[in-house]
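One-based numbering, in listed order, for ligands and for the atoms of each.
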Amino acid sequence: MRLAVNIDHIATIREARKTDEPDPVAAAVLCELAGAQGITVHLRGDRRHIQDRDVELLRKTVATHLNVEMAATTEMMRIAQTIKPHQVTLVPERKDEITTEGGLDVMLHSGNIEKAINQLLDARIDVSVFVDPSIDQIRHCHKLRAPKIEINTGKYADAWKSGAWAPELEKIATAARAAKKLGLTVYAGHGLNYRNIDGIATIAEIEELNIGHSIIARASLVGLEAAVREMATLMRNPRRLPRGT
Ligand code: PXP
């Protein structure tokens, strides 16, 4: 299972002062030196953290692979076709949300998502779709010929706080198995941290995790390289969790 680090919050710190530091490009280099196997950024419509300039420079400097999360809008498709990141993850976006709130409803927005997937694949950009652990949503991703999905682990992360994480973990494991059976590449992410990572890290079908907030938060205290290494170590050696809570 690979670790892709979402470095949005490096840009969040920079944008707090509308200045030029810290630079997400420098952060990406440090993450990769510490063992990250991918770099993820979310280019939001409101540009609250990552800027177009960051994506352009990261495309030239990231040595592993660059995954750009974006909404399937005309503006974002044009940017993706110009910058050509290695991968785009299609996500839902609501203006005043604090962070992505749930998976994309690919059935509701089927036409638009299909168009975006085709435009990206035609531009030779790999495509992943962020979806909730729902078999119907995953089947529809397959129908739209998305090669990859990222399963939303947000509900599992929320449930973890109350101890009732087991049913949510089971949903993710079942969804991951179904997706793999359909031939989809399976990623996961959202809300994962140093405490709740263990359950997810035991799901063999998941090839990559996208983790942002918890790594950057820890990095602010112990440094970016230590924070990335610690997470990569936990992913390699997940602690077995007691079942049935
Ligand atoms: N995956 C997707 C699709 C996301 O939108 C985000 C947040 O930008 C993440 C993963 C990372 O979530 P977190 O910052 O909670 O680790």
Side-chain angles (χ1 to χ4, degrees), residues 1-13 15 24 27-28 31 36-50 54-55 58 65-73 76 80 85 87-95 97-106 113 116 126-134 137-138 141 146 148-161 168 172 175-176 179 185-197 199-201 206-220 224 227-228 230-232 234-235:
M1 193 179 283
R2 295 185 301 268
L3 169 63
V5 180
N6 179 317
I7 56 171
D8 289 350
H9 287 341
I10 298 293
T12 301
I13 298 171
E15 296 306 313
C31 288
Q37 288 142 311
I39 299 296
T40 294
V41 291
H42 185 171
L43 186 66
R44 298 188 71 101
D46 62 9
R47 306 298 197 275
R48 72 170 74 151
H49 37 56
I50 292 294
D54 300 327
V55 184
L58 287 166
H65 79 110
L66 176 65
N67 170 39
V68 182
E69 299 170 359
M70 53 174 56
T73 61
M76 289 299 155
Q87 181 182 299
V88 161
T89 300
L90 296 173
V91 297
E93 207 173 282
R94 202 170 57 75
K95 239 182 171 179
E97 66 188 1
I98 292 174
T99 179
T100 314
E101 287 173 341
L104 199 49
D105 189 335
V106 285
I113 303 300
D126 221 342
V127 188
S128 179
V129 183
F130 184 60
V131 284
D132 290 329
S134 143
Q137 293 287 342
I138 288 168
C141 286
K148 301 176 172 181
I149 58 158
E150 178 180 336
I151 299 176
N152 178 15
T153 52
K155 270 204 175 150
Y156 160 77
D158 285 343
W160 205 90
K161 293 174 205 156
E168 294 301 330
I172 293 168
T185 299
V186 186
Y187 298 160
H190 209 271
L192 298 176
N193 61 37
Y194 296 81
R195 295 177 301 282
N196 66 26
I197 188 69
I200 297 293
I206 299 175
E207 292 185 21
E208 188 171 295
L209 296 180
N210 272 303
I211 308 180
H213 182 87
S214 66
I215 291 179
I216 305 304
R218 183 166 292 216
S220 71
L224 192 49
V228 172
E230 275 180 59
M231 184 60 84
L234 287 176
M235 282 171 57

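Under a 3.5 Å cut-off, the side chain of Glu207 and the backbone N or O of Met1 do not form any donor-acceptor pair. In this structure, the side chain of Arg47 engages the main chain of Gly45 through a donor-acceptor pair within 3.5 Å. At least one donor-acceptor pair under 3.5 Å links the side chain of Thr73 to the backbone N or O of Met76. At least one donor-acceptor pair under 3.5 Å links the side chain of Thr153 to the backbone N or O of Gly189.
The nearest heavy-atom contact from the protein to atom 7 (C) of ligand 1 is His190 CD2, 3.7 Å. Scanning all protein heavy atoms for the shortest distance to atom 16 (O) of ligand 1 gives Gly212 N, 2.8 Å. Scanning the protein heavy atoms around atom 5 (O) of ligand 1, the nearest turns out to be Thr100 OG1, 2.7 Å.
Looking at ligand 1, you won't find any N or O of Leu192 less than 3.5 Å from one of its N or O atoms. The N/O atoms of Gly189, backbone and side chain alike, include none that comes under 3.5 Å of an N/O atom in ligand 1. Distances between N or O atoms of Glu150 and those of ligand 1 include at least one value under 3.5 Å.
In the vicinity of Ile211, heavy-atom distances shorter than 4.0 Å reach the ligand 1 atoms 16 (O). For ligand 1, the atoms closer than 4.0 angstrom to any heavy atom of Val91 are 3 (C). Listed by number with element, the atoms of ligand 1 under 4.0 angstrom from any heavy atom of Asn210 are 10 (C), 11 (C).
Note on Glu15 versus Arg48: no salt bridge recorded, every NZ/NE/NH1/NH2 to OD/OE distance being 4.0 Å or above.
Asn193 and Ser214 are not linked by any side-chain donor-acceptor pair at a separation below 3.5 angstrom, with hydrogens and angles left out of the test.
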inquiry  = Pair Tyr156, Ile200 - check side-chain contact (heavy atoms from CB on, under 4.5 Å), show working.
reply    = CA-CA 9 Å; Tyr156 160 77; Ile200 297 293; 3.5 Å; yes
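The closest approach between any non-hydrogen atom of Thr89 and ligand 1 is not below 4.0 Å. Ligand 1 has at least one atom lying under 4.0 Å from a heavy atom of Gly191.
Of the listed residues (His213, His49, Met70, Glu69), the one carrying the non-hydrogen atom nearest atom 2 (C) of ligand 1 is Glu69.
Between His9 and His49, the two ring planes are perpendicular [angle over 60°; tilted spans 30° to 60°].
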